[in-house]
Amino acid sequence: MTDTDDEPPEWARERARELMETADGEGDAATDAATDADRDAAADRVPDVPVDVVDEAERLTRLARQTDDDAAAAFYRDRRDELVADYDYVPRLREDDDTLVLYPDEWMADGTVQLDRIETTDRAVEVSLSGSGDADRFQEIAAYNDAVAAAVAEREADVHADTARTFAAFMSNHYVRPVDDATPDVRAEFREEYLVRNGWPTDEQLAVVEESLSVIDAVAADVDDPADR
């Protein structure tokens with residue numbers, strides 16, 4: 001499958017809102033109740049693709065971009081496409097803002113998103129490929145972040161280990177920065193957006209996420225930093 005541009009998700013969001021507003025205005029009380037039930041059911045399955053699959057799709061996309069070997073790049077893209085297809089998703093690279101987007105396959109027709117098929121835009125997954133760090137150091141920093149997550153898993157409770165693994169993937173893939181270089185704004189983005197939408201957190205994880213981030217910082221102090229950090 002070849003990466004192509006799709007309609008910007010902002011367009012999809014706007015169209016989805018219009019469709020929802022129209023539906024709300026036309027239905028009677030019973031229809032409104034059914035619509036609410038449908039939305040609740042959809043919310044229970046947002047997103048449909050697990051976070052580890054999203055992370056692997058992003059990793060494969062980065063590898064395809066970094067290699068000078070056309071055959072290797074095609075292999076990485078094909079592997080990514082097959083991986084997300086197992087969950088009925090389709091990957092697209094949105095070049096205008098350098099973002100990998102995973103769309104539910106049922107939204108697509110002839111390689112293009114069909115706006116009238118979008119029931120909730122939250123089912124799409126967007127991953128920025130342009131972090132503010134140095135993309136050339138991705139593998140080095142990802143290895144460091146994974147080492148910190150592994151150290152947390154060895155020393156701390158499972159609830160902190162689960163968050164550490166998700167935070168490691170977030171910092172490596174989105175910002176190409178060590179976990180202990182996260183700014184307050186980046187931490188807030190992780191807590192309020194990434195973890196909630198892409199991390200499949202438990203209630204316990206959400207309740208202690210701030211503590212988990214402090215644990216990650218403390219453990220990182222004992223892990224060797226990436227060279228020339």
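- Using a distance-only test at 3.5 Å, with no hydrogens or angles considered, a donor-acceptor pair links the side chain of N145 to the main chain of R177.
- Of the possible donor and acceptor atoms, none in the side chain of T67 sits under 3.5 Å from a partner among the backbone N and O of L63.
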Exercise. Can you list the steps and then say if Y89 with V54 is a side chain to side chain contact (heavy atoms under 4.5 Å, CB included)?
Worked result: CA-CA 10 Å; Y89 269 71; V54 175; over 6 Å; no
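- The number of heavy-atom neighbours closer than 6.0 Å to CG of D203, taken from other residues, nucleotides and ligands shown, is 12 or below.
- Judged by distance alone, with hydrogens and angles left aside, the side-chain atoms of T166 form a donor-acceptor pair with the main-chain N or O of D162 at under 3.5 Å.
- Remark: A74 pairs with R77 by the side-chain contact (heavy atoms from CB on, under 4.5 Å) rule, at least two apart or across chains.
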Exercise. Should R155 and D222 be marked as a side chain to side chain contact (heavy atoms under 4.5 Å, CB included) after you check the CA-CA gap, both sets of side-chain angles, and the distance that decides it?
Worked result: CA-CA 12 Å; R155 305 179 194 181; D222 296 330; 3.1 Å; yes
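- Shown here for A168 and A149, the closest heavy-atom pair between the two residues is CB-CB, 4.2 Å.
- Rounding to the nearest 0.5 angstrom, the gap separating the CG atom in L83 from the CG atom in D78 is 12.5 Å.
- Contact detail for A151 and V223: the closest heavy-atom pair is CB-CG2, 4.2 Å.
- For E204, the salt bridge (charged side-chain N to carboxylate O under 4.0 Å, His left out) test picks out no residue, with sequence neighbours left out.
- V159 and V209 fall into different hydrophobic clusters, defined by Ile, Leu, Val, Met, Phe, Trp and Tyr side-chain heavy atoms under 4.5 Å apart, directly or through other members.
- By the 4.5 Å heavy-atom criterion applied to side chains, V49 and D88 are not counted as neighbours.
- Counting heavy atoms from C-beta outward, V90 and L102 have side chains that stay 4.5 Å or more apart.
- Looking at every heavy atom in both residues, Y76 comes nearest to A64 through CD1-N, 3.7 Å.
- Taken from OG1 in T61 to CZ in R80, the straight-line distance is 4.0 Å, to the nearest 0.5 Å.
- Formation of a donor-acceptor pair under 3.5 Å by the E211 side chain with backbone atoms of V208 is not found in this model.
- To the nearest 0.5 Å, atoms CD (E193) and CZ (R191) are separated by 11.0 Å.
- Counting only heavy atoms from C-beta outward, the side chains of L100 and P91 approach each other to under 4.5 Å.
- Contacts of F190 classified as ring-ring contact (aromatic ring centres under 6.0 Å, His included), with partners at least two apart in sequence or in another chain: F167, F170.
- Legend: residues meeting side-chain contact (heavy atoms from CB on, under 4.5 Å) with D55, ordered by chain and number and at least two apart, are V51, A169, N173, Y194.
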Exercise. Given the rule in the side-chain hydrogen bond (donor to acceptor under 3.5 Å, both in side chains) test, do D180 and Y144 qualify, once you have shown the distances and angles that lead to the verdict?
Worked result: CA-CA 10 Å; D180 45 335; Y144 169 75; 3.2 Å; yes
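- Taking each heavy atom of P178 and M171 in turn, the nearest pair found is O-CE, 3.4 Å.
- Residues passing the salt bridge (charged side-chain N to carboxylate O under 4.0 Å, His left out) test with R65 are D98, sequence neighbours excluded.
- Interatomic distance, OG1 of T163 versus CD of E210, reported as 11.0 Å (0.5 Å rounding).
- Note that the CZ atom of R94 and the OG atom of S128 stand 9.0 Å from one another [nearest 0.5 Å].
- With sequence neighbours excluded, the residues satisfying salt bridge (charged side-chain N to carboxylate O under 4.0 Å, His left out) with D217 are R187.
- Distance check: L129 CG to D97 CG gives 9.0 Å after rounding to the nearest 0.5 Å.
- Contact detail for A142 and S172: the closest heavy-atom pair is CA-OG, 3.3 Å.
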For this session: For the pair N198 and V125, evaluate side chain to side chain contact (heavy atoms under 4.5 Å, CB included) and give the outcome as yes or no after the intermediate values.
Result: CA-CA 8 Å; N198 298 321; V125 179; 4.0 Å; yes
For this session: Begin with the C-alpha distance, continue with both residues' side-chain angles, and end with the deciding distance and a verdict on side chain to side chain contact (heavy atoms under 4.5 Å, CB included) for E56 and V53.
Result: CA-CA 5 Å; E56 180 64 4; V53 173; 5.7 Å; no
Problem set entry | Working for salt bridge (charged side-chain N to carboxylate O under 4.0 Å, His left out), residues R62 and E58 | CA-CA 6 Å; R62 290 185 181 277; E58 183 168 359; 3.5 Å; yes
